[in-house]
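Working notes for the structure below.
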Protein chains: 2
Amino acid sequence: MARLQRLSPSDELRESSRLQVFETIRAAGQIARIDIAQATLISPATVTAITADLLAAGMIEEVSPEAAKGAKRGRPRVALKVRGQAHLIAGMKLSHHAITTLITDFEGTELLCHEIPLPGGQSSPEDLCQQIQSALNASCAAADLDPADISGMAIGMAGVMDADRGFIYWSSSLNQRNVDFGAYLAQHFAMPVFIDNDANLVAKAELLFGHGDRHTNFIVVTVEHGVGMGIVINSQIYRGARGCGAELGHTKVQLEGALCQCGQRGCLEAYVGDYALLREANVTSGVERHRDLASLYAAMADGDMMARSTLDRAGRMFAMGLANVVNIFDPQMIVLAGAQLAFGYLSSDKVIEEMRRWVVQVDAPLPDVRVHGWGNKMWAKGAAAHAIEEVSALRIREVANHAG
Amino acid sequence: MARLQRLSPSDELRESSRLQVFETIRAAGQIARIDIAQATLISPATVTAITADLLAAGMIEEVSPEAAKGAKRGRPRVALKVRGQAHLIAGMKLSHHAITTLITDFEGTELLCHEIPLPGGQSSPEDLCQQIQSALNASCAAADLDPADISGMAIGMAGVMDADRGFIYWSSSLNQRNVDFGAYLAQHFAMPVFIDNDANLVAKAELLFGHGDRHTNFIVVTVEHGVGMGIVINSQIYRGARGCGAELGHTKVQLEGALCQCGQRGCLEAYVGDYALLREANVTSGVERHRDLASLYAAMADGDMMARSTLDRAGRMFAMGLANVVNIFDPQMIVLAGAQLAFGYLSSDKVIEEMRRWVVQVDAPLPDVRVHGWGNKMWAKGAAAHAIEEVSALRIREVANHAG
DNA sequence: TTATTTTTTTTGAAACTCAAATTAAATAAT
DNA sequence: ATTATTTAATTTGAGTTTCAAAAAAAATAA
């Protein structure tokens, strides 16, 4: 939450190297001190000092020396890793019909994944908070854990929010706008609770457990009911001035175009969202030919020209929206994440190729595109990643201020 | 140039506070030590130490104590400012038909502005370098200066380039693609020479001399022959992974739309660029009714529906492109910069209002929009700002490593 | 056994920052 | 005039952090 506050040079310094070492260890999985020094440009002497602090605090541990991989001579390197038992972490994803909870250890290893149904639709902040509590308690009970032992929880939800403040401008899970949900949750949970947009959480998962160590600038585009985006700049989530940027779904792809849920016209979502696909397929033919996307896809497979045309346009619009982001951002990598039927079509090679063609052409490699067809658990995993990072930062600060 | 190289913690620290203090002084114009301490969260003791170094190095100077503004009692504060005489700086803008050179002192105060015509069109790297040398020599001669006394020069030009490497993928001033122009210039000039996209230079001018001290995330959109954009994130120019992002002019606003100079279809530039406006006005009516934009504007003023329709569409497309950037970036401020006729129309209240309507609506203030109708000198001033910043960074590094 | 190699730790010094004390330079009060 | 008060700037001394160099540790090679 309170990430953006300015720090004086002395405070900043005290935290920075420790954090850097710790992040390097986590990113590597296992790594010897000498390699940390090389990766971070911190001297071996300092690495020894810092890792000694982290070891004493129980945040990391030495790996048994089996991995004498190089088989050269010389003193064998001792690998370090994050100590999983250090903390219990909860990640939660609120979707329309369910709450998915993932309990992990401090390394991100899954201990339990649990899903409870939601009444559906939008609820009041109070009700939603209660449902979150129930979900957490149920998950803990299933894993035979005490909720009080959990060191931090992150919750991912669709909507427009200022994650640093925990303030939700709008969310499809809430029946009110402008809710200071973070503050409300803080009162009802003993542990620190973090909130974020779900696309940002996928980005965080990519940073911590995916290819984020090699890419410092990338974007994550999620296709679910709507289209979401997370932006990573300099290995950090970019949140915009008001905390509500990255609204790819509502960028305009057609002047005075199709009507969107948000009330405006020509939004990308109004062409590629599932409701938009069904609307076009049905309204155009005058009768309700398709009740769901599966039917629409089946029709396309059968050679139905109208279905094909609808999906083709959605694909082209999606390519156009992606190309615009690439032209603006020049990311190293694009991660497409989703699980629904539409996702398969929108992440097809044909669409990606079209996107590539629409990017300003220079003699430099175009961004990598990675497709993650992860299931529902991905979102909760992203939330857990977020909580792990936040808890790490809190703990590092403690270590820096206590131990010497 | 070599901005992106990683630094070890000790190197970073040595530079960071000095740089921060220096930037604070420049941003403020004049500021007392006690206020520097407050602004930077650096302790007064350290501010004294750092400013003593900077004074000894001749980079700053004390202001005569006339400005006893507060008229309270107590020891009067002594204001510090950047020492103008410390360095001579050159900023240069290459446009299609001229090279504009601005010589400033280290404060950015203009000493001389000089323009020489260019043969026009595209030239070879060698010729362009010679023309740059001529421009610099002519300017220095006019100001009775020795080119050897200039501490740094920055050159702004239209095109797609990787400013950190000084590598030009494509520029309208060069007849070849993929030129390592920075390296070439480095061989032909004694001073450090920096290259950047012109929109980025306007952003830099805004950061150093404009409202950049209060805004850390903003974008600059330039309307000249084409549409350019500079992105500032965290008070730093964002350059993308390959150094070639921010291509607002080539974001697509219409699927399979109008043909653009770049060979693609539906680019924003293909609707709002001057050539695009003339093309539409003339091709549509079948005869060449307008030879230049002035004629088109006059026609609109006379009530010509065709002219009005052409310009209206350009305005809407521009608003759409801007709205897309806002939806993606959520900047605090948008700076619209330009001087041409089209600029007046594209920066009109009507267009801005339209843009505002197309942004995702949340209960938070929309970005400020500032319109800079600066003339040709603006670009060179931006280049000077860039050179000043780079030379400052070099000098600070020297001070940090020499003095104690 | 001894030499060599490589990793890790220890040591001592240098740099940076800051809190607290001190000095400097003004006005207000007496 | 002189003293008190106020505010800014500097000095001092201590605490951190970092690092280079030296030393120690732990393996293999000779």
Side-chain angles (χ1 to χ4, degrees), chain A residues 7-21 30-56 60 62-80 396-397 399-404, chain B residues 7-21 30-56 60 62-80 396-397 399-404:
Chain A
L7 292 175
S8 74
S10 55
D11 291 340
E12 208 169 284
L13 181 63
R14 184 164 321 134
E15 283 175 38
S16 67
S17 282
R18 282 180 173 85
L19 201 54
Q20 210 190 338
V21 167
Q30 293 190 184
I31 186 172
R33 290 174 179 80
I34 187 81
D35 293 325
I36 297 175
Q38 211 191 1
T40 59
L41 298 188
I42 296 171
S43 74
T46 305
V47 171
T48 291
I50 290 175
T51 53
D53 280 357
L54 297 176
L55 280 166
I60 60 173
E62 295 193 335
V63 176
S64 52
E66 40 99 18
K69 212 186 103 193
K72 292 163 293 187
R73 61 179 169 178
R75 176 173 173 170
R77 37 186 66 185
V78 183
L80 301 169
I396 293 273
R397 208 164 302 165
V399 171
N401 291 332
H402 280 295
Chain B
L7 292 175
S8 75
S10 55
D11 291 341
E12 209 168 284
L13 182 64
R14 185 165 322 133
E15 282 175 39
S16 67
S17 282
R18 283 180 173 84
L19 201 54
Q20 211 189 338
V21 167
Q30 293 190 184
I31 186 172
R33 291 173 177 80
I34 185 81
D35 294 324
I36 298 174
Q38 211 192 0
T40 59
L41 298 187
I42 296 172
S43 73
T46 305
V47 171
T48 290
I50 290 174
T51 53
D53 280 357
L54 296 177
L55 279 167
I60 61 174
E62 295 193 338
V63 176
S64 53
E66 39 98 20
K69 211 185 101 193
K72 292 164 292 185
R73 60 178 167 177
R75 176 174 175 172
R77 40 187 65 186
V78 183
L80 302 170
I396 292 273
R397 207 164 302 165
V399 172
N401 290 332
H402 279 296

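In what follows, chains carry the letters A, B, and so on, assigned in the order in which the sequence lines appear, proteins first and then strands, with residues in each chain numbered from 1.
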query = Rounded to the Å, how far apart are Leu54(A) CG and dT8(C) P?
reply = 15 Å
query = Looking at Ser17(A), does any N or O in its side chain come under 4.0 Å of the phosphate oxygens OP1/OP2 on dT18(D)?
reply = yes
note = Nearest-nucleotide check on DNA chain D, Val47(A) vs Arg33(B); residue mapping nearer the 5' end is Arg33(B)
query = On DNA chain C, nearest-nucleotide positions of Ile34(A) versus Gly74(A): which is more 5'?
reply = Gly74(A)
task = Using a cut-off of strictly less than 4.0 Å, decide whether Thr46(A) has a side-chain nitrogen or oxygen near OP1 or OP2 of dT18(D).
result = no
remark   = The answer to which of Thr51(A) and Arg75(A) contacts DNA chain C further toward the 5' end, by nearest nucleotide, is Arg75(A)
request  = Taking only the side-chain nitrogens and oxygens of Arg18(A), find out if one of them lies under 4.0 Å from OP1 or OP2 of dT17(D).
outcome  = yes
key: Atom pair OG1/CG of Thr48(A) and Asp53(A) - distance to nearest 0.5 Å   = 11.5 Å
query = When the distance from CD1 of Ile50(A) to P of dC19(D) is rounded to whole Å, what number comes out?
reply = 8 Å
request  = Over all heavy atoms of both residues, which pair between Leu54(A) and Ile396(A) is shortest? Give the atoms and the distance, please.
outcome  = CD2-CD1, 3.8 Å
ask   = At under 4.0 Å, does any side-chain N or O of Ser43(A) touch on OP1 or OP2 of dC19(D)?
value = yes
task = Ignoring the backbone of Ala45(B), work out which of dT28(D), dT11(D), dA26(C) is nearest its side chain.
result = dT11(D)
ask   = Which of these nucleotides, dT10(D), dT5(D), dT10(C), is closest to any side-chain atom of Arg73(B)?
value = dT5(D)
key: Interatomic distance where CD1 belongs to Ile42(B) and P belongs to dT10(D) [whole Å]   = 15 Å
ask   = Which one of Leu55(B), Ile36(B), Val399(B), Val21(B) satisfies the side chain to side chain contact (heavy atoms under 4.5 Å, CB included) criterion with Ile50(B)?
value = Val21(B)
query = What is the distance, rounded to the nearest whole Å, between atom CD1 of Ile36(A) and atom P of dT9(C)?
reply = 10 Å
side-chain contact (heavy atoms from CB on, under 4.5 Å) assessment of Glu62(A) paired with Arg33(A) = CA-CA 10 Å; Glu62(A) 295 193 335; Arg33(A) 290 174 179 80; 2.9 Å; yes
